[in-house]
Amino acid sequence: MVFQAVGKLLGYRKHSKSIKKDSPAKKTSGESEKLYLEPRYTAARIVDADILMLVALPKGLNVDEWLASNASAFYNHVSLLYGSISEFCTITSCPSMKAWATQIQWTDEKGRKRKCTAPQYADYAASIIQKLLTDENLVPTKHSKEFPKTFKPAIQKTFRLLFHLLGHIYTCHFKTVVNLELHPHLNTLYLHLLLFCAEFHLLDSKEMALSEDLTTALIQSSPSPKTSGAQSRNT
């Protein structure tokens, strides 16, 4: 199933043109450069991270528990990366939430959309994700309680917000990430998150099509997956 996730990611390329026609995106000034697509950067990884092994559902583990634990881990990793560039992400430098070729609006709990700065979006996202992942009724920690039907939509929302934050880092702060020598971590985290989302259907095709060029470049520059002796590690 994990190798199918790679196919799913590459498969989105086949439908990307029709997807983009249905939802045209506004180009941002930083999009013309796309420094993150240069081969010298796309090849950068955390050397011993076997992403395919990290995505696979461990035998005997409940899938909802696996989604919940990974959502928490991804949130922590994305928070650390955003924190490393947060001093450069201000209401002056980032007056809108740019991610890939779009300007993303915040959608509140009542479904109302409004423009906000990137730092505001990051704060809102952190608050919502923390609220969701610490809700005992949504993410039960006792074995006697089952996960509710509202769990999967909440997890999908969590990963959508994390995807947007990674998109903003790539689009507006990649030079800073390179200067901090964190691009191997960013690439590994991004590819891990996208493969995980493809495997468990956490992002829709329109979302994933926004960064298809980066996803394809990272997959094509990835080393061959290990077939034995692989050790699982977090990104």
Side-chain angles (χ1 to χ4, degrees), residues 20 23-46 71 73-109 111-133 157-194 197 203 206-218 235:
K20 290 179 180 179
S23 6
K26 296 180 180 179
K27 293 289 182 181
T28 66
S29 58
E31 276 295 305
S32 58
E33 297 181 11
K34 292 191 176 181
L35 185 67
Y36 52 82
L37 292 181
E38 293 188 11
R40 56 177 170 156
Y41 297 129
T42 58
R45 300 283 194 288
I46 299 175
F74 277 119
Y75 169 66
N76 290 333
H77 289 307
V78 173
S79 295
L80 285 172
L81 267 174
Y82 180 78
S84 70
I85 55 89
S86 59
E87 64 179 293
F88 305 100
C89 184
T90 67
I91 58 176
T92 302
S93 65
C94 302
S96 62
M97 179 58 185
K98 296 179 182 178
W100 316 121
T102 64
Q103 292 189 9
I104 299 173
Q105 294 182 324
W106 179 257
T107 304
D108 63 23
E109 295 181 349
R112 297 173 298 193
K113 293 185 177 182
R114 65 186 183 88
K115 295 180 180 179
C116 64
T117 67
Q120 286 176 322
Y121 191 98
D123 286 342
Y124 295 156
S127 297
I128 288 294
I129 293 173
Q130 288 178 6
K131 181 180 178 180
L132 292 175
L133 297 182
K157 181 175 183 177
T158 295
F159 278 91
R160 185 169 65 253
L161 294 174
L162 295 177
F163 175 68
H164 291 167
L165 290 176
L166 287 179
H168 179 70
I169 294 173
Y170 270 109
T171 304
C172 299
H173 302 289
F174 191 72
K175 287 183 179 179
T176 300
V177 171
V178 171
N179 290 336
L180 294 172
E181 298 183 349
L182 291 175
H183 53 295
H185 297 267
L186 178 59
N187 287 343
T188 305
L189 176 58
Y190 168 86
L191 193 54
H192 183 188
L193 186 143
L194 264 287
C197 288
L203 285 175
K206 289 185 178 181
E207 289 279 3
M208 299 181 84
L210 295 175
S211 59
E212 56 155 343
D213 50 1
L214 174 61
T215 303
T216 301
L218 291 178
T235 54

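The distance from atom CZ of Arg114 to atom OG1 of Thr107, rounded to the nearest 0.5 Å, is 10.5 Å. Distance NE2/His168 to CE/Met97: 6.0 Å, rounded to 0.5 Å. Interatomic distance, Lys157 NZ to Leu162 CG, rounded to the nearest 0.5 Å: 12.5 Å. Put simply, CG on Leu191 and CG on Leu218 are 5.5 Å apart, with the number rounded to the nearest 0.5 Å. Note that CG of Asn187 is 7.5 Å distant from NE2 of His183, once rounded to the nearest 0.5 Å. Put simply, CG on Leu166 and CG on Leu189 are 5.0 Å apart, with the number rounded to the nearest 0.5 Å.
Here the side chains of Leu214 and Lys34 are not in contact, with every heavy-atom distance at 4.5 Å or above. Under the 4.5 Å side-chain criterion, counting only non-hydrogen atoms from C-beta, Glu109 is in contact with Ile128. Residues Leu81 and Leu165 form no side-chain contact, since every pair of their non-hydrogen atoms from C-beta on lies 4.5 Å or further apart. The side-chain heavy atoms of Arg40 and Leu35, taken from C-beta on, include a pair separated by under 4.5 Å. For the pair Tyr36 and Tyr41, the minimum side-chain heavy-atom distance is 4.5 Å or more. The closest side-chain heavy-atom distance from Leu193 to His77 is not below 4.5 Å. Counting heavy atoms from C-beta outward, Tyr75 and Gln130 have side chains that approach closer than 4.5 Å. A 4.5 Å side-chain heavy-atom check between Phe163 and Cys197 finds every atom pair outside the cut-off.
Between the side chains of Ser211 and Tyr190, at least one donor N or O sits under 3.5 Å from an acceptor N or O.
Between Cys89 and Tyr82, the closest heavy-atom pair is SG-OH, 3.2 Å. The minimum heavy-atom distance between Ile85 and Thr176, with the atom names listed, is CG2-CG2, 3.7 Å. Residues Leu203 and Arg160 approach most closely at CD2-CA, 3.6 Å, considering heavy atoms. Of all the heavy atoms in Lys98 and Cys172, the pair that sits closest is CB-SG, 3.8 Å. Of all heavy-atom pairs between Leu180 and Ser84, the closest is CD1-O, 3.6 Å.
By the neighbour-count criterion of 12 heavy atoms within 6.0 Å, atom NZ of Lys175 is sparsely surrounded, having that number or fewer from other residues, nucleotides or ligands.
Under a 3.5 Å cut-off, the side chain of Thr90 and the backbone N or O of Thr92 do form a donor-acceptor pair. Side-chain N or O atoms of Thr188 include one that pairs as donor or acceptor with a backbone N or O of Ile46 at under 3.5 Å.
Note on ring orientation: taking the six-membered ring where Trp is involved, the planes of Trp106 and Tyr121 are perpendicular (angle over 60°, cut-offs 30° and 60°).
Scanning for side-chain contact (heavy atoms from CB on, under 4.5 Å) contacts around Leu80 gives an empty result, with sequence neighbours left out. Residues passing the side-chain contact (heavy atoms from CB on, under 4.5 Å) test with Thr117 are Ile91, Pro119, Gln120, sequence neighbours excluded.
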Exercise. Passes side chain to side chain contact (heavy atoms under 4.5 Å, CB included), Leu161 versus Tyr124? Steps please.
Worked result: CA-CA 10 Å; Leu161 294 174; Tyr124 295 156; over 6 Å; no

Problem set entry | Verdict with reasoning, Val177 to His185, per side chain to side chain contact (heavy atoms under 4.5 Å, CB included) | CA-CA 9 Å; Val177 171; His185 297 267; over 6 Å; no

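Between Phe74 and His192, the ring center distance clears the sub-6.0 Å criterion.
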